[in-house]
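The sequence lines fix the lettering, A, B, ..., with proteins before strands; numbering per chain opens at 1.
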2 protein chains.
Amino acid sequence: MTDVAAAAGVSHQTVSRVLNGSELVKDETRTRVLAAIAELGYRRNNAARLLVTNRSHRIGMISAHLVLHGPSMIAVSVQDAGHKAGYDVSLVAVEDFTARSLREAVDRLLDEAVEAIVVAVAHREAREQVRSLEMPVPLVIVQGVSDGQRMAVGIDQEAGARLAVEHLLDLGHRHVAHVTGPQEWVEAGQRRAGWRSAHEHRHVLPGPELGGDWSPQSGYEAGLRIAEDPDVTAVFVANDGMAMGLMYALHEKGRDVPGEISVVGFDDVPEARFLWPALTTVDQEFSLLGRRAVELTLRALGGEVDPSAELIRPALVVRDSTAAPRH
Amino acid sequence: MTDVAAAAGVSHQTVSRVLNGSELVKDETRTRVLAAIAELGYRRNNAARLLVTNRSHRIGMISAHLVLHGPSMIAVSVQDAGHKAGYDVSLVAVEDFTARSLREAVDRLLDEAVEAIVVAVAHREAREQVRSLEMPVPLVIVQGVSDGQRMAVGIDQEAGARLAVEHLLDLGHRHVAHVTGPQEWVEAGQRRAGWRSAHEHRHVLPGPELGGDWSPQSGYEAGLRIAEDPDVTAVFVANDGMAMGLMYALHEKGRDVPGEISVVGFDDVPEARFLWPALTTVDQEFSLLGRRAVELTLRALGGEVDPSAELIRPALVVRDSTAAPRH
DNA sequence: GTCGAGATTGTGAACGCTAACATTCTAGGT
DNA sequence: ACCTAGAATGTTAGCGTTCACAATCTCGAC
C-alpha cells in the first residue's frame, strides 16, 4: 500500500480511502491511485484488514453426509447464497456427532474468524451437542427444524409426508406402509409423523412401518419384505434412494409397480424421473433453503435478535409409480 | 495474548512459544501458560498470525457443476484430504467459463491468501483460460488430464472407456454404440477416444455415436433413437445419469435390456446397483483422486518443481445390464 | 566461589491495514 | 485582500502475532 501511495504521490490513507470507496477523494486523485494500483498489480491484504476491522466476511457451515442428495444440495446452495451476499463460506464436514468432533468443527470455524455458523446436520444427537456449545457467534440451524423455531430455517417435512400419503389415500388405498429413515435424523422422525397424522386425519390405521437408513440397500431389504405381504398396496418411502432399492426388490419378486403396489419417494432427485416406472416423489426446494439460511444469518448479524423464518412447503410430483389399487 | 502473559506472569513471547510448541520453555512455565490460556478461554488470532508469517494454511479449489456426481465427489474428497493435511480449503463454484468469471474466482481465492489453487473443472475452455492467468501460487489440475502431465492428477478416462467397450466386445457384440458427454468436457473426449481405440484395436468399426450432455434427459433422447435401430446391440454411455435415461427410453419402447441391448455406464453412482436391470458401469475412485490432488499440491508447496503423478486406473463393475447378444 | 555455555525468558520492531484526529486546500462571501 | 467552512489529504497509533536479538538464569567445571 505504501508503494502504491508513493507511486500515486499520495499518503497510504488516501489509497485506503480509494479502496474503501470513500466519497472524500477528488476524482483526479482517485484516478491516479487506481492507475498506480493497476500498474503495480497491488492487492489489498485481507489479513491486515481483518486484524483491524474484526470483520471477516466469512460464515461457517457444518455439514455431514455430503454424499447424500439433500445435504449436498444444501451445502452448495448455502455456499452460493453466501457468496452472492458477499460472504465467503467455510464448510467443515463432520463424520460423527460426538461432542468432541463437533467441538473441533466449531473450533476450526472459529479459528477462521467466522461471523456466524450455519449447522446443516439433521442428526438429533448433533443438534443437542451443538446447542450446548458456548458460541460467541450467531448459530443458525438448517434442516429438521420445526415451525416457529428461532434462528432456524427448514422445509416442512411433515407437510411433505402428508402430501405423499394423502395422494395415496386419495387414489383409494386403504392405508399406506412406510419405510423410515434412521430415527436419529430429525427429518426421518418428521416424515414418519406426517405419515401417521395423515392416516389419523382420515381415521384409518397406518400400514406397516419398516426401518431404513437412507441407503438404496436398506430400501431393497424393506422391499423384499413388502413384496411378501399381500396386504400392502401402497408405500411411502422416506427418500428416493430407498425407494429405488425398494422398487428393485419389487421387480425382482415380480410385483408390479404401480399395478400391484404404488410407491412414493421423497427428495425428487434428478434420477427420479427416469426410474422405471418414473417415481412419484416430494420435491424440496433446496436452493431456496440455502438462500433463506443466509438471509436469516444476515439478519442475525444485522442485530436482529433471534429472527425466525417460515418453513418452506414442499410439493408433490406425481409420476408413474402410483395408481389406484386393483380390487 | 498480553492478558494470558500477564495472568501467567510471563512475557507475550513466551506465550507465543508455548503456542508454537517451542522446546525452549521450562515445563513448569508451560503448564502455567496453558492454565492461563484455558482459564481465559483465549484463542490465538489467525489474522495476526497470517499477517506476520504469510502462511495461510489454506488452499483454494475451483469447481463447477457441483450437482453432478463426479465434481461433487471430487470437491468433497479434496476438502477432506486437505483438512487431514492441516489445510483449510476454500471452494468457489463457477457457473460459466469466461475469462472474467474465472478471473473472479481466482481473485476471490487469492484474496483469501490461498497458498495454492486446485482447479477441478474439466471444461476445455476453462482449462485454457485458467492456464493463461498469471498465478502467484502453484496451480494443480484435477480431472481430465493426460498421462505424464505436470501439476495434474486424474483418472484414466480412456482406459475406463476401453474397459467398458472391451467387456461388450468380449461378450460377442459386433460393435458398440456410444452416447457421449458434451464435447467441451475433456473427459467426454477422452471416453470417446477410449471407445474408438478399443474398436480399432480389434479391427472393427465402432457403432453409431450420439451426443449427450450428461443429463438423464439427453440419455433418454439418445435411447429413443437407439431403440429404433435394429443394428445396435450394445451401448457404452458416457455416464450413469444418461445411461438411466437411455434405459428408460428402451423400456418405454419395449426393448429388453440386456436381452436385446446391453448397456454400460460410467461413474458407478450409488444408485447404479439398484436400477432395473442393475447397471454395469465403470467405477472411478474419487476419494483417492482427492487425496492425490492434495498430496501433489503439498509437494509443489514443498518446493518440488512441477511434480507429476500417475493416472488412477478405473475399474469395471459388471452387473446385469450387459449380456451376450442373441443371434 | 567464579566463569561461561547453554537454557530460558524478555524486548522492540514489523507485518499491512483502518480509525481517529490533525492539517492543508479551496472557494465563496465580505 | 482576508476569513471561514467544508473538502481533501496527511499523521499517528494500534490491531495480535512472530522474528531477531538482547538479557537473564542455571549449573557444572575449574
Item to check | Given DNA chain D, 5'-ward residue of the pair A/Leu24 and A/His12, judged by closest heavy atom | outcome: A/Leu24

Next on the checklist: Which residues pass the side-chain hydrogen bond (donor to acceptor under 3.5 Å, both in side chains) test with A/Asp80, not counting sequence neighbours?
Outcome noted: A/Lys84

Item to check | For A/Gln13, all residues meeting side-chain hydrogen bond (donor to acceptor under 3.5 Å, both in side chains), sequence neighbours excluded | outcome: none

Next on the checklist: By nearest heavy atom, map B/Val15 and B/Lys26 onto DNA chain D; which one lands nearer the 5' end?
Outcome noted: B/Val15

Checklist entry - Taking 5' to 3' order, which nucleotide of DNA chain C is first and which is last to have an atom within less than 4.0 Å of a heavy atom in chain B? => result C/dT8 to C/dG16

Next on the checklist: Classify A/Asn20 by what it touches in the nucleic acid, base, sugar-phosphate, or nothing, heavy-atom distance under 4.0 Å.
Outcome noted: sugar-phosphate

Return a table of donor-acceptor pairs under 3.5 angstrom between the side chains of residues 52-68 of chain A and protein atoms on other chains or two or more places apart.
| unit_1 | atom_1 | unit_2 | atom_2 | d |
| --- | --- | --- | --- | --- |
| A/Thr53 | OG1 | A/Arg49 | O | 2.8 |
| A/Thr53 | OG1 | A/Arg55 | N | 3.3 |
| A/Arg55 | NH1 | A/Glu115 | OE1 | 2.4 |
| A/Arg55 | NH1 | A/Glu115 | OE2 | 2.8 |
| A/Ser56 | OG | A/Arg58 | N | 3.3 |
| A/Ser56 | OG | A/Ala113 | O | 2.5 |
| A/Arg58 | NH1 | A/Ser90 | OG | 2.8 |
| A/Arg58 | NH2 | B/Glu112 | OE1 | 2.9 |

Item to check | Boundaries of the DNA chain D segment in contact with chain B, non-hydrogen, under 4.0 Å | outcome: D/dG16 to D/dA20

Checklist entry - Quantified as the angle between the terminal helix axes (five pairs each), what is the overall bend of the helix from C/dG1-D/dC30 to C/dT30-D/dA1 to 10 degrees? => result 60°

Checklist entry - By side-chain hydrogen bond (donor to acceptor under 3.5 Å, both in side chains), which residues pair with A/Glu28, not counting sequence neighbours? => result A/Arg32

Donor-acceptor pairs under 3.5 Å, side chain of residues 119-127 of chain A to any protein atom, not counting sequence neighbours: which ones?
| unit_1 | atom_1 | unit_2 | atom_2 | d |
| --- | --- | --- | --- | --- |
| A/Arg124 | NH1 | A/Gln183 | O | 2.7 |
| A/Arg127 | NH1 | A/Gly144 | O | 3.2 |
| A/Arg127 | NH2 | A/Val121 | O | 2.7 |
| A/Arg127 | NH2 | A/Gln143 | O | 3.0 |

In a table with atom names and distances, give each donor-acceptor pair under 3.5 Å that connects a side chain of residues 286-295 of chain A to protein atoms at least two apart or in another chain.
| unit_1 | atom_1 | unit_2 | atom_2 | d |
| --- | --- | --- | --- | --- |
| A/Arg292 | NH1 | A/Glu310 | O | 3.1 |

Item to check | Position toward the 5' end of DNA chain C (nearest nucleotide), A/Asn45 or A/Gln13 | outcome: A/Asn45

Checklist entry - Does any non-hydrogen side-chain atom of A/Thr297 lie less than 4.5 Å from one of A/Val78? => result no

Checklist outcome for this item: The side-chain contact (heavy atoms from CB on, under 4.5 Å) partners of A/Asp3 (sequence neighbours excluded) come to A/Leu40

Checklist entry - A/Leu19 or B/Arg32: which one's nearest nucleotide on DNA chain C is closer to the 5' end? => result B/Arg32

Next on the checklist: Heavy atoms only, 4.0 Å cut-off, all strands: where does A/Arg17 land among base, sugar-phosphate and nothing?
Outcome noted: base

Item to check | Contacts of A/Asp107 that satisfy salt bridge (Lys or Arg N to Asp or Glu O under 4.0 Å) - sequence neighbours left out | outcome: A/Arg103, B/Arg43

Checklist entry - How long is the gap from CZ on B/Arg100 to CG on B/Leu102, to the nearest 0.5 Å? => result 11.0 Å

Item to check | Touch class at under 4.0 angstrom, heavy-atom based, for B/Thr2 against every strand present | outcome: nothing

Next on the checklist: Need one value for B/Arg43: base, sugar-phosphate or nothing, where a base atom within 4.0 Å counts as base even if backbone is also close, heavy atoms only.
Outcome noted: sugar-phosphate

Checklist outcome for this item: The side-chain hydrogen bond (donor to acceptor under 3.5 Å, both in side chains) partners of B/Glu304 (sequence neighbours excluded) come to B/Arg299

